[in-house]
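Whatever order the structure lists them in is the order used to number ligands and atoms, beginning at 1. Note that the coordinates shown come from a computational prediction; the quantities given were computed from them, not determined experimentally.
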Amino acid sequence: MSVTLPAPAKINIGLQVVGRRDDGYHLLHTLFQVLDWGDTITLEPRETGVTLEVTGPHSSAIPTNETNLAVKAAQILQKEMDTNRGIHIVLDKQIPPGSGLGGGSSDAATVLKGLNRLWGAGLSDDLLELVAARLGADVPLFIRGGLQLGESIGDRLTPLSSRLVGAIVLAIPDIHISTPWAFSQLAKSGGYSSPVSLDRLIAMSSIPWDDFVNDFEPVVFAAHPELRAIKEGLLELGAVYASLSGSGGTVFGFFEEEPAPLSSLKSFFGPHQVIRTKAAF
Ligand code: C5P
């Protein structure tokens, strides 16, 4: 019996870099919102081994060997459970890699959740988050999904009960931004920011959207001015908030009122991929 699960994308609503650890990783302060759009993972039981097949528009850019986090996730769970049961993973890759939408991390978390069910491991979400943290800082977020405050290197999570009701439009340019590059540019550009209380802002009856900032925007927009133009375009179209997600290159807009139809959004943003979605609760 196989299992098919969504592996959704995320956006960052506000992203502050507040310091750096001795191991070089940066301390973050962010709100993660998991979306109702992304990759899909099917897990097909096998006698032994872990294999991965990637389909979809980004399949050629995705490694299928054990450098892929989805494969690593299956191997780590085999070790945790002390089993050599096998799995064939079919990944329908819709989230472009390196786009600031957390695709690889979501795939890995989804493999952990799916195998936990398929292999009857019975691990709680708390335990799955601990296993996920060994795969990468952004992986634990996707165990519970929804809206979560992220601190430390992004892996100290607090689920929030606020709900973002409205449309989210993603404009995904064909620009791959290296996260280590973006962090190194930030380090050159000055000090780190002091965290604002993002959870308090989002819980207010009228959300003060202007108080959310993404610290990567100045350095990333300086290198890629077309991303600033996308942000301005989203605001022009009526978004109450528009921002880079992660270190980019995706720029998203949050619309409290119905945005223009997808066809008009697509013609407005020309060659960039445009996705219309919403928050997943
Ligand atoms: O999580 P991801 O694989 O995208 O991170 C890529 C790189 O970004 C890390 O190897 C590290 O250099 C940097 N990074 C960081 N602090 C974080 C997350 C990532 O410095 N909290």
Side-chain angles (χ1 to χ4, degrees), residues 7-35 38-39 58 61-63 65-73 75-76 91 93 95-112 129-143 145 148-158 170 172-173 175-196 198 213-220 223-224 227 243-252:
K10 62 86 180 158
I11 50 172
N12 298 88
I13 301 168
L15 198 178
Q16 294 180 284
V17 182
V18 297
R20 191 161 183 245
R21 288 200 318 202
D22 290 345
D23 64 2
Y25 267 81
H26 291 81
L27 302 170
L28 307 178
H29 193 70
T30 187
L31 283 183
F32 291 113
Q33 174 65 67
V34 171
L35 303 179
D39 297 341
H58 305 287
I62 308 296
N65 59 19
E66 49 192 58
T67 61
N68 191 304
L69 270 192
V71 173
K72 281 190 186 150
Q75 290 171 336
I76 213 168
L91 164 60
K93 191 78 203 154
I95 308 172
S99 59
L101 294 169
S105 300
S106 183
D107 297 339
T110 302
V111 167
L112 289 180
E129 282 180 349
L130 287 176
V131 176
R134 283 154 55 192
L135 291 161
D138 274 0
V139 185
L141 158 74
F142 295 99
I143 297 297
Q148 301 191 49
L149 178 66
E151 293 166 292
S152 185
I153 59 167
D155 60 344
R156 199 168 90 213
L157 297 166
T158 309
L170 309 177
I172 315 175
I175 298 174
H176 182 292
I177 308 233
S178 150
T179 306
W181 169 84
F183 275 112
S184 69
Q185 294 301 107
L186 260 191
K188 278 188 218 157
S189 75
Y192 299 118
S193 41
S194 319
V196 296
L198 298 174
V213 287
N214 181 322
D215 285 347
F216 286 115
E217 283 189 353
V219 290
V220 173
H224 302 281
L227 300 185
S243 169
L244 201 64
S245 182
S247 56
T250 299
V251 182
F252 69 90

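When atom types are taken as modelled, the side chain of S189 and the backbone of L186 share a donor-acceptor pair closer than 3.5 angstrom.
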Between K93 and D107, does a side-chain contact (heavy atoms from CB on, under 4.5 Å) hold up when you go through it step by step? CA-CA 9 Å; K93 191 78 203 154; D107 297 339; 2.8 Å; yes
Intermediate values then yes/no, side chain to side chain donor-acceptor pair (under 3.5 Å), K72 and Q75: CA-CA 5 Å; K72 281 190 186 150; Q75 290 171 336; over 6 Å; no
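Residues L31 and N12 have side chains not in contact (no heavy-atom distance under 4.5 Å, counting atoms from C-beta outward).
For ligand 1, residues of the protein lying within 4.0 angstrom by heavy-atom distance are G24, Y25, H26, L28, I153, T179, P180, F183.
Considering only residues two or more places apart in sequence or on other chains, S243 meets the side chain to side chain contact (heavy atoms under 4.5 Å, CB included) condition with N214, E217, Y241, F252.
Annotation: D23, atom CG; neighbour count of heavy atoms from other residues, nucleotides and ligands within 6.0 Å is above 12.
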